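The chain is numbered in sequence order, starting from 1. What you see below is based on every heavy atom in this structure, not just the backbone, and it leaves out hydrogens, waters and symmetry mates. Owing to the predicted nature of the structure, the values given are computational and were not obtained by experimental measurement.
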Amino acid sequence: PRQEGFWERETDRVVKTSGNMIHVWSSYEASKTEHGEPFISGVNSITLFYDGERYWIMNWMFDASVH
């Protein structure tokens with residue numbers, strides 16, 4: 001368990017779809033308290049595939065920078 005709090009919130013989302021492939025760019029920031037000053041921000045890059053019944057996560061990467 002973490003010794004201190006960790007709160008992450010999405011700040012932006014861009015979704016691109018082509019056929020059954022979906023790509024999501026999800027920007028975020030994180031703080032040590034629920035409404036605290038962000039100490040880190042970054043982006044998640046998520047690729048999904050829809051098989052007609054459900055979405056499958058094919059890839060998930062992230063990049064972050066400490067403030």
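- From Ile46, atom CD1 reaches atom CH2 of Trp25 across 10.0 Å, with rounding to the nearest 0.5 Å.
- Annotation for Arg9: atom CZ counts as buried by contact number, over 12 foreign heavy atoms lying within 6.0 Å.
- Residues Leu48 and Met21 form no side-chain contact, since every pair of their non-hydrogen atoms from C-beta on lies 4.5 Å or further apart.
- Relative to the six-membered ring of Phe6, Lys32 misses at least one condition, a distance below 6.0 Å or an angle of at most 45° to the axis.
- For the residue pair Trp60/Asn44, the side-chain donor-acceptor check at 3.5 Å is satisfied.
- The local environment of NE2 in His67 is crowded, with over 12 non-hydrogen atoms from other residues, nucleotides or ligands closer than 6.0 Å.
- Both tests pass for Arg54 against the ring of Trp56: distance under 6.0 Å to the centre and angle within 45° of the axis.
- Legend: residues meeting side-chain hydrogen bond (donor to acceptor under 3.5 Å, both in side chains) with Ser45, ordered by chain and number and at least two apart, are His23.
- Neither Phe49 nor Val15 shares a network with the other; the hydrophobic side chains, linked directly or stepwise wherever heavy atoms of I, L, V, M, F, W or Y lie under 4.5 Å apart, form separate groups for each.
- Listed for the Thr33 side chain is a donor-acceptor partner under 3.5 Å among the backbone atoms of Gly36.
- Pairing each heavy atom of Ile22 with each of Tyr55, the nearest pair is CD1-CE2, 3.5 Å.
- Clustering ILVMFWY residues whenever any of their side-chain heavy atoms sit less than 4.5 angstrom apart, transitively, puts Ile57 in the very cluster that holds Tyr50.
- Separation of atoms OG1 (Thr11) and CD (Glu29) is listed at 5.5 Å; rounding is to 0.5 Å.
- The closest side-chain donor-acceptor pair between Glu10 and Ser26 falls under 3.5 angstrom.
- Applying the salt bridge (charged side-chain N to carboxylate O under 4.0 Å, His left out) definition to pairs two or more places apart or across chains, none involves residues 37-47.
- The shortest side-chain heavy-atom distance between Val14 and Lys16 falls under the 4.5 Å cut-off.
- Looking only at side-chain heavy atoms (C-beta outward), Ser27 and Ser41 stay at 4.5 Å or farther from each other.
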